[in-house]
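The structure presented is a predicted model; accordingly, all values stated were derived computationally and were not measured.
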Protein chains: 2
Amino acid sequence: MSVKNKEPRPYHHGDLRQALVLASIAILKEEGATALTLRSAARRVGVSHAAPKNHFGDLRGLFAAVAIAGFRGLAKALHEARSGRDARLGLVAAAQAYVRFAMESPGAFRAMFHPVLAERSIVPELEEASRAAFAELVTGIVAAQAAGVVTPGDAEGKSLTAWSFVHGLASLAVDAQLTGKGISTPPEVLAALGAQHLFDGLGNVGGAAEKRAMKRATPGKTRPKARTKAKKESA
Amino acid sequence: MSVKNKEPRPYHHGDLRQALVLASIAILKEEGATALTLRSAARRVGVSHAAPKNHFGDLRGLFAAVAIAGFRGLAKALHEARSGRDARLGLVAAAQAYVRFAMESPGAFRAMFHPVLAERSIVPELEEASRAAFAELVTGIVAAQAAGVVTPGDAEGKSLTAWSFVHGLASLAVDAQLTGKGISTPPEVLAALGAQHLFDGLGNVGGAAEKRAMKRATPGKTRPKARTKAKKESA
DNA sequence: GGAGTATGTTGACATCGTCAACATGAAAGC
DNA sequence: GCTTTCATGTTGACGATGTCAACATACTCC
């Protein structure tokens, strides 16, 4: 089947499961979400169309495997964004990292929140990977509370608000909802702007936070974002 | 073909386009997003499998028609939520209405942000319906600024932050990301909570907003402590 | 070294989106 | 009134997909 290989491939692949996951991620990146099918992944690896069934059962299993890898990559990106920064800047960087992840891997991002995985409790590993990614955010909020830059109490509720914001922004950006509305600001900048909104509040009229925000809003103040490396293939 | 009707149906339906859109919405509500196909919609209406092609061209056209109806319904819900309330409570109610819309019509919600509609500029009506829904939020923010409960300036940026938050929360709820993380609070309550976070800010430590928030959060005597007992197994 | 099992292949089936060719009937032109 | 035109709907077909059953191969463990 495979065009690229003429020599007799061994009957057993060795690590077909891993190869199929990597191929799926590549397909998502190169051809979009609709192009990922059990057969297309099998084709890319060079195995028969029914081979994936042994490893993933059905299409949902393949999506789940991709989503697990995605959540782990996201958790890692969030962790790296915070590390080495103070609590507040770390949270801003994490927000930007979340959006950047979605923009750079829209296919994987969509797979992670694909409707077929709605009842993901069936796949404990996926449940755990998702929980771990969220935990990164909670940790960031707790650290910010310890540093005195976020009000104490209800860390989980506040994390959820923050998560909702970054997830919504990422989703809107990925689904191209920001275009055609006169919004030209890059999503990553919007992430930083929204993070400031969240910190300072939209309703503190005349308060110190508003003055701080105005001061920050002066042009030429945007941090040169650190160019981040490409995604790693290992997982 | 239709099981429900034996009498000779007229060759021409009359308003097949509208009937197909309504059937699609019903399918989305009753059977989920994956069940909506050109053929299933045609079956439900009782026409041949290729009839939808005359009205929608391809599958994307059907999704676009459903999404247009969805955005109009969402805009209406947002408008009604704000009307009759003061600026701040109106925005809170709008946030809850957004989440409620998604929870009550998850299929339509997913169709509105379906990947196949990513370049929706091809369908001007969809572009306009989406814009109108967003405009409802901007109007709410502007009204809140006029009422003095939101800081002045950059109404669009602030609307975008608010939109990102409600859209993210709605998406997470629809995709069942809130389950399995120890989050039992209903999404509508989370919408109101997050709206308060957005108004007051998460970072105004010791400020007036924090005191207001504490006052609101304490029905009895319990002083909010930074006691996060969420995670019990993750380490 | 043989048995049992995990891993891949082949072929089949129903369903899907899409197309081309055709049927029907309403609207428009004369 | 009659015909022409064309939007609307049907039929049949095609390739692609997910999934299954039957079979082939090769690894592992006793």
Side-chain angles (χ1 to χ4, degrees), chain A residues 1-24 27-28 31-66 107 111 114-117 122-123, chain B residues 1-24 27-28 31-66 107 111 114-117 122-123:
Chain A
M1 303 296 187
S2 176
V3 197
K4 57 192 336 177
N5 208 341
K6 210 71 175 180
E7 60 194 79
R9 185 175 33 79
Y11 195 91
H12 287 93
H13 181 279
D15 193 357
L16 182 55
R17 182 187 173 91
Q18 170 78 351
L20 285 170
V21 171
L22 293 180
S24 299
I27 290 173
L28 285 173
E31 307 171 47
T34 60
L36 175 56
T37 65
L38 283 174
R39 293 169 106 107
S40 70
R43 260 195 308 271
R44 182 173 280 243
V45 176
V47 294
S48 73
H49 66 267
K53 185 180 172 63
N54 292 318
H55 297 276
F56 305 107
D58 58 357
L59 186 61
R60 197 159 69 176
L62 178 60
F63 269 100
V66 173
H114 199 278
V116 301
L117 303 179
I122 301 176
V123 190
Chain B
M1 308 311 171
S2 176
V3 196
K4 62 210 298 191
N5 206 342
K6 211 72 177 178
E7 61 194 76
R9 185 175 32 81
Y11 195 90
H12 288 91
H13 182 280
D15 193 358
L16 181 56
R17 182 187 173 90
Q18 170 78 351
L20 285 170
V21 171
L22 293 180
S24 298
I27 290 173
L28 285 174
E31 307 171 49
T34 60
L36 175 56
T37 65
L38 283 174
R39 293 170 107 109
S40 69
R43 259 194 310 270
R44 182 174 279 243
V45 176
V47 294
S48 71
H49 66 267
K53 186 180 171 64
N54 293 318
H55 297 277
F56 304 106
D58 58 357
L59 185 62
R60 196 158 70 176
L62 178 60
F63 269 100
V66 172
H114 199 280
V116 300
L117 303 178
I122 300 176
V123 190

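- Straight-line distance from the CG atom of A/N54 to the C1' atom of D/dC23: 13 Å, rounded to whole Å.
- Across the protein-nucleic acid pair, B/F56 atom CZ and D/dT8 atom P stand 12 Å apart, rounded to whole Å.
- A search for side chain to side chain donor-acceptor pair (under 3.5 Å) contacts involving B/E31 returns B/R44, not counting sequence neighbours.
- Qualifying side chain to side chain contact (heavy atoms under 4.5 Å, CB included) partners for A/D15, counting only residues two or more places apart in sequence or in other chains: A/R17, A/Q18.
- Remark: A/T37, A/L38, A/R39 in residues 35-42 of chain A come within less than 4.0 Å of DNA chain D through at least one heavy atom.
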Every protein N/O within reach of nucleotides 20-22 of chain D N/O, cut-off under 3.5 Å:
| residue | atom | partner | partner atom | Å |
| --- | --- | --- | --- | --- |
| D/dC20 | OP2 | A/K53 | NZ | 2.6 |

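- For the side chain to side chain contact (heavy atoms under 4.5 Å, CB included) test, residues two or more places apart in sequence or in another chain that qualify with A/A42 are A/V47, A/P52.
- Counting only heavy atoms from C-beta outward, the side chains of B/L38 and B/K53 never approach each other to under 4.5 Å.
- Between the CG atom of B/L20 and the C1' atom of C/dG17 there is a distance of 15 Å, rounded to whole Å.
- For B/H55 and D/dG9, the shortest distance from a side-chain N or O to OP1 or OP2 is below 4.0 Å.
- The side chain of B/L16 lies closest to D/dG9 when the candidates are C/dT9, D/dG9, D/dG18.
- Contacts of B/S40 classified as side chain to side chain donor-acceptor pair (under 3.5 Å), with partners at least two apart in sequence or in another chain: B/T37.
- Not a single ring-ring contact (aromatic ring centres under 6.0 Å, His included) links B/H49 to another residue, sequence neighbours left out.
- Contacts of B/H55 classified as ring-ring contact (aromatic ring centres under 6.0 Å, His included), with partners at least two apart in sequence or in another chain: none.
- Contacts of B/A19 classified as side chain to side chain contact (heavy atoms under 4.5 Å, CB included), with partners at least two apart in sequence or in another chain: B/H13, B/V45.
- Residue A/R43 places at least one side-chain N or O closer than 4.0 Å to OP1 or OP2 of D/dT17.
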